[in-house]
Amino acid sequence: MLKEQVAVITGAGRGIGAEIAKALAQNHANIVIVDYSALDAVQDTIAEIKALGVTVQYYQCDVSNFQKTKEVVDSIVKEFGKIDILVNNAGITADKILLRMEESDWDRVLNINLKGSFNMTKHTTTHMMRKKYGRIVNISSVVALMGNVGQANYVASKAGLIGLTKTVAKEFGGKNITVNAIAPGYIKTAMTDALSEEVRNSMLKMVPLGYLGEVKDIANAVLFLVSPSARYITGVTLKVDGGMYI
Ligand code: NAD
């Protein structure tokens, strides 16, 4: 379905991003991973994707660095000739109630989650415009729609991402570039595995489907949004949350 396409996924060294990269590779897209982890830490992910028979390229880059992201995007275009798909997935948390939150906690989370997506989107759309084709998916969070105690920085960054999604969708609609967001609920990852039984049970009470999502649930949603089936969908935020937001 995505044969000959070039997909750039940030934060794809592990977790949700790695699963998105694999899902796109299974559909024959060539994959570029942009992650700030050292190459050693992402070798397994790279090997798994390579085994699917596509080209994989790795760039070690902090997405919050405007100049570095420009160099990375230019280098990808030089090598592959184009970028068809961009998934802004890199994200961090630094949770504290507002009373205890430091300026540095706010800046770090906003710089990576929101400015990082701005950086990658700005540099990539320049090239997508010329080809009159692009599919951008921003990984937000369901807490962006609900608020969450202890996550003022994270929630603000993820809500900002939804605003960025809608605006870029309007600005680039005429260039055949669609821009959508996904709002995952609680997804089973290393992060949620580390939670206590008590916290996990209280989380599950908020989910009508009664179980945590899996990384493949998010990857499947990304796959749909970048597929020809979703060509008339832009500016939406797709909740993949087991009904948590209802
Ligand atoms: P994760 O921590 O397992 O993986 C994040 C990846 O991003 C890592 O490989 C990390 O190296 C990379 N990264 C972090 N900062 C970076 C930077 N500055 N530049 C480049 N790469 C960077 O996280 P995850 O659980 O897989 O989450 C992926 C995305 O999904 C995040 O944006 C997260 O906010 C969002 N999300 C996750 C959940 C969940 O339940 N896990 C729920 C809602 C939203």
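Computed from heavy atoms alone, side chains included, the values below leave out hydrogens, waters and symmetry copies. Just so you know, ligand 1 is whichever comes first in the structure, and atom 1 is the first atom listed for that ligand.
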Drop me the distance from Leu223's CG to Lys22's NZ, to the nearest 0.5 angstrom.
-> 14.5 Å
So, are Lys70 and Asp74 salt-bridged, with charged N and O less than 4.0 Å apart?
-> yes
Measuring from the heavy atoms of Ala183, does anything fall under 4.0 Å of ligand 1?
-> no
Heavy-atom nearest neighbour of atom 40 (O) of ligand 1 within options Ile187, Ile112, Asp35, Ile92 = Ile187
Report yes or no: does a heavy atom of Lys188 sit under 4.0 Å from some atom of ligand 1?
-> no
When you look for heavy atoms under 4.0 Å from ligand 1, do you find them on the side chain of Ala18, its backbone, both, or neither?
-> neither
Ignoring hydrogens, just give me the one of Asn89, Val42, Ile139 whose non-hydrogen atom is nearest atom 32 (O) of ligand 1.
-> Asn89
Quick one: pull up OG1 in Thr124 and CG in Leu86 and give me the separation to the nearest 0.5 Å.
-> 4.5 Å
With side chains defined as the heavy atoms from C-beta onward, is the minimum distance between Ile136 and Phe172 less than 4.5 Å?
-> no
Here the atoms of ligand 1 under 4.0 Å from any heavy atom belonging to Ser140 are 44 (C)
Atoms of ligand 1 less than 4.0 Å from Gly15 heavy atoms?
-> 26 (O)
Is it true that atom NZ of Lys166 has more than 12 heavy atoms of other residues, nucleotides or ligands lying nearer than 6.0 Å?
-> no
Are Asp193 and Lys188 ion-paired here, with the side-chain N under 4.0 Å from a carboxylate O?
-> yes
With atoms numbered from 1 as shown, which atoms in ligand 1 lie under 4.0 angstrom from a non-hydrogen atom of Arg14?
-> 1 (P), 2 (O), 3 (O), 4 (O), 8 (C), 9 (O)
Can you list the ligand 1 atoms lying under 4.0 Å from a non-hydrogen atom of Cys61?
-> 19 (N), 20 (C)
Is there a heavy atom of Gly185 sitting under 4.0 angstrom from any atom of ligand 1?
-> yes
Taking only heavy atoms of Lys158, which atoms of ligand 1 are found under 4.0 Å from at least one of them?
-> 31 (C), 32 (O), 33 (C), 34 (O)
Beyond-backbone contact of Asn113 with Ile92, side-chain heavy atoms, under 4.5 angstrom | yes
Which segment of Thr10 sits under 4.0 Å of ligand 1 when only heavy atoms are counted = neither
Decide whether the shortest distance between a heavy atom of Ser37 and an atom of ligand 1 is less than 4.0 Å.
-> yes
Can you measure from CE (Met129) to CD1 (Ile177) and round to the nearest 0.5 angstrom?
-> 7.0 Å
Closest to atom 38 (C) of ligand 1 among Ile16, Thr93, Asp62, Asp241 (heavy-atom distance) | Ile16
Provide the closest heavy-atom pair for Met101 versus Gly150 in the form atom of the first, atom of the second, distance.
-> CE-O, 4.5 Å
Min N/O separation Pro184 to ligand 1 under 3.5 Å | no
Nearest heavy-atom approach of Val63 to Ala90 is CG2-CB, 4.1 Å
Flag Tyr36 as yes when one of its N or O atoms lies below 3.5 Å from any N or O atom of ligand 1, and as no otherwise.
-> yes
Which atom of Asp105 lies closest to which atom of Asn153, heavy atoms considered | O-ND2, 3.3 Å
Please say whether Tyr186 places an N or O atom under 3.5 Å from an N or O atom belonging to ligand 1.
-> no
Mark up the atoms of ligand 1 that fall under 4.0 Å of a heavy atom belonging to Ser141, in ascending order.
-> 43 (C), 44 (C)
Which of the numbered atoms in ligand 1 are below 4.0 angstrom from a heavy atom of Tyr154?
-> 33 (C), 34 (O), 35 (C), 36 (N), 43 (C), 44 (C)
Trp106 to Ala156 - nearest heavy-atom pair and separation = CH2-CB, 3.6 Å
